[in-house]
Amino acid sequence: MASSLADQELLAAAARGDQAAFSQLYQRYRNRVYGFAYRMLGTQEVAEDVTHEAFLALIRQPERYQAERGSLLTFLCAVARNHIYQHLRHQERYATEPVETSDEYEEAGVRYSFDPLNDLLERELAAVVEAALARLPVAQREAVTLREYQELSYEEIATVIGADTNVVKARLYRARQALAKRLAPYLNQETAPRA
Amino acid sequence: MNCHEIISQLGALLDQELEQAQASMMRRHLGHCIECQVELERLRALKAALQNAGPPAVSARLDERVMATFRMQHGRASAISKVSGWRAWIFNSFAIPKPALSLIVALLIGTAALAYKAGEIAGLRSQVVTPPAPIYSPVVATRQAIEPAHVVYIKTPGGCSRSNSLPSAMLAQKGSTKSAGAQAAVSQFETQASASEAGIDYTTRAALENLEPVKDASVRVIKGENR
């Protein structure tokens, strides 16, 4: 709640032209908004465009954010989501090349083979996770991303996607089942039950 | 709750999204169910793997782009609010309510259109050439009475005739009296006018009707009053 009040205060100051206040808000949420866009779209450049658009809404129309409807992060993610879906629809309509596959990610992991072993394993796992995420249906990928990376509550996710919390639960369950299945070879060593 | 129901809620348990009572019930089940424990650990490992795969860092380019947008947006607003004197007056002049602004624009457009129209009419007037008065002659009077749309103009070797100069010139050339010349002019003009309208030149018509040709004048019949 304190964070929410601080957000509102910063936003009010930013609306009056206080650059330091806006900068603080931006630094607070940029990684999470950008992370959401990047996970959903898979390209750095477009994710940056989406992040810029989300903060642009905050700059031009700060009054659009209503604290009673959710946190500022929820608002930013909702704005980003609109742009993400625009890009996804555009990609579907004009796609001429297939979306990056897991093989390509695995090859990307191999390219890091000059790194130390631990680094290699981490990078390879990260690449495989990225690939598994990318292969999820958009709605499931969205739910996992908002939960695992943006750390939104189920209720906040429901606000962002405009659905019921039961829908969020169901999507998360299916997404996790699919991810666990695809990442099984990388998770087996850690799935032994604790004594 | 059976194992299937427990497993379907494990994610919510890890996310701390369950009611206290439901979470307690699940923990009791997990205390003695190995299969559900394995599933719980698998989900924990998955969450750890997901956390491990962070997106690339935000570039400095994006930071600068966003902050530049902020500066531009608020720089423009502060530029308007901070000006004073005549610049403030100009800025304030544009701060007119939209309905009033629309009315002013409409009035300006209407005034401009009227001014243009008035100028156009004045320009046309200045370009109007007063047509020469019709030749005063019985022929013309007769022909105008019969066919008011027909005006007869006569050209002489010296140029275009005036209405009151040609008949006298013709009469003087023929050496007749005014009344006799007028009669001759009537005859010749009738013949010339009808010959022109019929597509027969005067010389042919004169030969046919045994008339004396007028060699130094020609007749042109123009339909309509405006040349």
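Chain letters run A, B, ... following the sequence lines, proteins first and then strands; every chain starts at 1. All figures in this text were calculated on a predicted structure; none of them were measured in a lab.
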For [X], look at atom [atom1] and say whether over 12 heavy atoms of other residues, nucleotides or ligands are found less than 6.0 Å away.
| X | atom1 | answer |
| --- | --- | --- |
| E35(B) | CD | no |
| Q66(A) | CD | yes |
| E63(A) | CD | yes |
| H32(B) | NE2 | yes |
| E155(A) | CD | no |
| Q20(B) | CD | no |

**Request:** Could you name each residue pair satisfying ring pair (Phe, Tyr, Trp, His ring centres under 6.0 Å) that touches residues 134-160 of chain A, not counting sequence neighbours?
**Result:**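 Of all non-adjacent pairs touching residues 134-160 of chain A, none passes ring pair (Phe, Tyr, Trp, His ring centres under 6.0 Å).
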**Request:** List the steps, then state whether side chain to side chain contact (heavy atoms under 4.5 Å, CB included) holds for L133(A) with L50(B).
**Result:** CA-CA 9 Å; L133(A) 274 171; L50(B) 289 171; 4.1 Å; yes
**Asked** Rounded to the nearest 0.5 Å, how far apart are CG of D18(A) and NE2 of H74(B)?
**Response**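 Reported value, rounded in 0.5 Å steps: 9.5 Å.
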**Request:** Working to the nearest 0.5 Å, report the span between CG of L152(A) and CG of D15(B).
**Result:**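 Reported to 0.5 Å precision, the distance equals 11.5 Å.
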Contact part of [X] toward chain B, heavy-atom cut-off under 4.5 Å: side chain, backbone, both or neither?
| X | value |
| --- | --- |
| R176(A) | both |
| L58(A) | neither |
| L56(A) | side chain |
| A14(A) | both |

**Prompt:** Quick one: what part of L10(B) sits under 4.5 Å from any heavy atom of chain A, side chain, backbone, both or neither?
**Reply:**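 Neither part.
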**Request:** Using side chain to side chain contact (heavy atoms under 4.5 Å, CB included) as the criterion, point out the one residue from V129(A), V144(A), L183(A) that pairs with L46(B).
**Result:**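 Only one of V129(A), V144(A), L183(A) forms a side chain to side chain contact (heavy atoms under 4.5 Å, CB included) with L46(B), namely L183(A).
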**Top of Q44(A), R16(A), Q27(A) for chain B proximity - count of heavy-atom pairs under 4.5 angstrom** =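 Looking at each of Q44(A), R16(A), Q27(A) in turn, Q44(A) comes out on top.
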**Message:** Heavy-atom pairs under 4.5 Å with chain B: which of H52(A), Q19(A), Q177(A) has the most?
**Reply:**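 Heavy-atom pair counts peak at H52(A).
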Determine all donor-acceptor pairs shorter than 3.5 Å in which one atom belongs to a side chain in residues 76-85 of chain A; sequence neighbours excluded.
{"unit_1": "R81(A)", "atom_1": "NE", "unit_2": "E142(A)", "atom_2": "OE1", "d": "3.4"}
{"unit_1": "R81(A)", "atom_1": "NE", "unit_2": "E142(A)", "atom_2": "OE2", "d": "2.4"}
{"unit_1": "R81(A)", "atom_1": "NH2", "unit_2": "E142(A)", "atom_2": "OE1", "d": "3.4"}
{"unit_1": "Y85(A)", "atom_1": "OH", "unit_2": "E142(A)", "atom_2": "OE1", "d": "3.3"}
{"unit_1": "Y85(A)", "atom_1": "OH", "unit_2": "E142(A)", "atom_2": "OE2", "d": "3.3"}

**Prompt:** Are there residues of residues 160-172 of chain A that reach to under 4.5 Å of chain B by heavy atoms, and which ones?
**Reply:**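 Checking residues 160-172 of chain A against chain B gives K169(A), L172(A).
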**Prompt:** For residues 56-70 of chain B, which residue pairs qualify under salt bridge (charged side-chain N to carboxylate O under 4.0 Å, His left out), counting only residues two or more places apart or in two chains?
**Reply:**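 Sorted result for residues 56-70 of chain B: R30(A)-D63(B), E48(A)-R61(B), D49(A)-R65(B), E64(B)-R71(B).
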**Prompt:** Going through the checks in order, is the side chain to side chain contact (heavy atoms under 4.5 Å, CB included) test met by Y26(A) and L62(B)?
**Reply:** CA-CA 11 Å; Y26(A) 172 67; L62(B) 175 62; 3.5 Å; yes
